[in-house]
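Structure record follows, encoded as structure tokens.
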Amino acid sequence: MDQLNANSLFEEQIKRALLYSDDEAALLQTVRAIRFSISQEGSTQGTLDFINNNDLLPSLYKLLTPGLYSEQIQHEAAWSISNYFSSSGSWIQQALAKGGANVLANLFRSTSNPEIAEQCAWALGNIAGESIACRDLILSMDVVVPIGELLAKNINTSSTRTAAWVISNLSRGKPNQFEYFREIIPTIVNTITNTGDSEVKQDLLWALSYLSDGPNANIDTITSTGIIPLLVSHLIYPDMKIAHPVLRTVGNISAGTHTHSQLLLNHNILSSFKVLLKYESMSIVRESCWALSNLAAGPIEHIHILCESEIIPLVVHTALHSQRLEVKREALWVLCNMTSGGEYIHIEYLLNNNILAPMEKFLPLGDNQGIQIVLEALSNILNIVAVNQECHKQVVKTCVDLGYIDTLRKIVSQTSFSYIETVLQNITEHFATYSINLCDEISQLAGLLEKQTL
């Protein structure tokens, strides 16, 4: 009996065996046939219909009762149900309504058989991947620590990969439920560090990227494992499937406290970012700029390190020449954040690296937030360099040459600008200080400002 078919007599035999038989040999043969049929291409849908139309799920669940049936039967039943839960969402909801998650979780927590544990874990992972509500349901069943134990045992390639994949599924989605994972963070990090299996490493790194996206206390837990050197070394990993979740995790850590950022800087992370900014993948370049913008929002010491690293010319080039607006935006955030916390020496360095050009080019393209950030940066620059009359005059001249006045006039005339009124007034006053030969244009801009204000 290899697979279910349309023969009604055969179906009756299956039903009788599941519903009424206590013969373990018959049950094993029956559940093995169901498992085989669900997994066979072309027969999956018919088998699912047969199971649901005859309400056989409760009978399959009964076979998973700890200690009630042989491990062979439980392994085949768990495998069948795992395949069932890998089907469409409507089937999963029907199975959950009949208590499938609880049955699987109970057996998973109690069994000492690694093959049964793996099948139960696989089914739980399939359920968790269906929706945030399903994920949270599985998390509430106290399975995360046992899954971490399955991962740590590293019994074989299959079970370790399954455990890593389930952890990734359970940690995906917002808000993440970090507290469920706190106990197994060291196990996750230890496995990432020591495994030679790229599939396991990839899934666990994505899990770490999801779990690091949260409060600073959670980032503390992750960084306290000593994983920073590994993350930095894997940023330019040859396999992008590994490097991408590493970059996401690094970005999340850089968004934490200044102490977290310092940990990254201590391990020379800027050298890796210099390489990443030259990648063809725009998603990698964008996320690199996002992480750098977090570092640039730090204290003066961090801004100074950014300047000394010589990474800023690459950021300016990205902001000026990238064809992707979202990449331009992230690159400009790096530069603008530096103007907010930097001193004269840092602003001078930025100006020497032609920061004003990409800022002006972005203004006609940006949304309100982007325009505000760029104009606040320009205002910061003008305020800081005002202590040096020659430098101040040169900055104003450069702005005029780049077409800032015309760009600002368009912004004022075409948009509601109440959100940038103060900063625009400040910029206009700086321009008027030296642009004697452009007083008419300055007056026009000032007049537009006054008219809009009224």
Side-chain angles (χ1 to χ4, degrees), residues 114 117-118 121-122 124-126 128-129 135 138-139 143-173 176-178 180-214 218-254 256 260 263-264 267-269 271-273 275-276 279 281 283-285 287-288 290-291:
E118 181 183 351
W122 188 265
L124 293 169
N126 278 326
R135 179 204 70 175
I138 301 304
L139 285 173
V143 296
V144 173
V145 171
I147 290 172
E149 292 170 352
L150 181 63
L151 178 71
K153 289 175 183 175
N154 193 25
I155 298 167
N156 53 51
T157 299
S158 179
S159 66
T160 303
R161 286 181 173 179
T162 296
W165 172 76
V166 176
I167 288 171
S168 179
N169 263 16
L170 287 171
S171 56
R172 183 185 293 116
N176 72 52
Q177 302 289 348
F178 188 88
Y180 288 104
F181 298 88
R182 187 178 298 277
E183 187 175 336
I184 71 166
I185 292 296
T187 299
I188 292 174
V189 171
N190 184 63
T191 305
I192 291 171
T193 303
N194 295 303
T195 186
D197 189 321
S198 61
E199 189 174 318
V200 170
K201 190 186 290 281
Q202 177 186 334
D203 279 332
L204 293 179
L205 283 168
W206 275 117
L208 209 60
S209 75
Y210 306 138
L211 295 171
S212 60
D213 184 10
N218 298 352
I219 299 176
D220 283 337
T221 299
I222 292 171
T223 57
S224 68
T225 63
I227 196 175
I228 294 295
L230 181 140
L231 291 175
V232 174
S233 69
H234 280 51
L235 265 178
I236 49 176
Y237 201 81
D239 185 351
M240 289 305 301
K241 292 179 180 178
I242 300 294
H244 198 172
V246 170
L247 177 57
R248 184 73 54 82
T249 303
V250 164
N252 290 336
I253 292 172
S254 70
H260 297 140
L263 286 172
L264 297 171
H267 288 87
N268 197 26
I269 196 169
S271 293
S272 297
F273 279 133
V275 177
L276 294 176
Y279 275 29
S281 169
S283 63
I284 295 297
V285 175
E287 291 200 41
S288 297
W290 167 61

Leu150 vs Ile155, side chain to side chain contact (heavy atoms under 4.5 Å, CB included): CA-CA, chis, key distance, verdict: CA-CA 8 Å; Leu150 181 63; Ile155 298 167; 4.1 Å; yes
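- Proximity of a side-chain donor or acceptor of Ser224 to a complementary backbone N or O of Asp220 within less than 3.5 Å is detected.
- Take Ser171 and apply the side chain to side chain contact (heavy atoms under 4.5 Å, CB included) test, not counting sequence neighbours, and it matches Phe181, Ala207, Tyr210, Leu211.
- A donor-acceptor distance shorter than 3.5 angstrom exists from the side chain of Thr162 to the backbone of Ser158, with no hydrogens or angles considered.
- Here the side chains of Phe178 and Ile222 are in contact, with some heavy-atom distance below 4.5 Å.
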Audit row: Ile253, Leu263, side chain to side chain contact (heavy atoms under 4.5 Å, CB included) steps and yes/no: CA-CA 9 Å; Ile253 292 172; Leu263 286 172; 6.0 Å; no
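- The NZ atom of Lys153 lies 11.0 Å from the OG1 atom of Thr160; values are rounded to the nearest 0.5 Å.
- Heavy atoms only, all atoms of each residue included: Lys201 and Tyr237 are closest at CE-OH, 4.4 Å.
- Counting only residues at least two apart or in different chains, salt bridge (Lys or Arg N to Asp or Glu O under 4.0 Å) contacts with residues 158-169 comprise Arg161-Asp197, Arg161-Glu199.
- Within the model, atoms CG of Leu230 and CD1 of Ile192 stand 7.0 Å from one another, a figure rounded to the nearest 0.5 Å.
- Of all the heavy atoms in Leu235 and Ser272, the pair that sits closest is CD1-CB, 3.8 Å.
- Smallest separation of non-hydrogen atoms from Ser212 and Ile219: O-CG1, 3.7 Å.
- Between the OG atom in Ser233 and the CD1 atom in Ile227 there is a gap of 9.5 Å [rounded to 0.5 Å].
- The two residues Trp206 and Lys241 come nearest to each other via the heavy atoms NE1-O, 4.2 Å.
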Full working for side chain to side chain contact (heavy atoms under 4.5 Å, CB included) between Thr249 and Leu205: CA-CA 8 Å; Thr249 303; Leu205 283 168; 5.6 Å; no
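- Residues Leu247 and Ser288 have side chains in contact (heavy-atom distance under 4.5 Å, counting atoms from C-beta outward).
- The structure places CG of Asn252 at 11.5 Å from NE2 of His260, a figure rounded to the nearest 0.5 Å.
- Residues Arg182 and Asn218 meet the side-chain proximity criterion, which asks for heavy atoms closer than 4.5 Å.
- Here Arg135 contributes atom CZ and Asn169 contributes atom CG; the two are 10.5 Å apart, rounded to the nearest 0.5 Å.
- Taking every heavy atom of both residues into account, Thr225 and Thr221 meet most closely at CG2-O, 3.5 Å.
- Every side chain to side chain contact (heavy atoms under 4.5 Å, CB included) that Ser271 has, sequence neighbours left out, goes to Asn268.
- For the pair Asn190 (side chain) and Pro186 (backbone), a donor-acceptor distance under 3.5 Å is absent.
- When side chains are defined from C-beta on, His244 does not count as touching Ser209, because their heavy atoms never get closer than 4.5 Å.
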Worked check of side chain to side chain contact (heavy atoms under 4.5 Å, CB included) between Leu264 and Ile228: CA-CA 7 Å; Leu264 297 171; Ile228 294 295; 3.9 Å; yes
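- Put simply, CG on Leu170 and CG on Leu124 are 8.0 Å apart, with the number rounded to the nearest 0.5 Å.
- Within the 4.5 Å cutoff, the side chain of Leu151 has heavy atoms near those of the Leu204 side chain.
- For the pair Ser283 and Ser281, the tightest heavy-atom approach, listed with the atom from each and the gap, is OG-OG, 3.0 Å.
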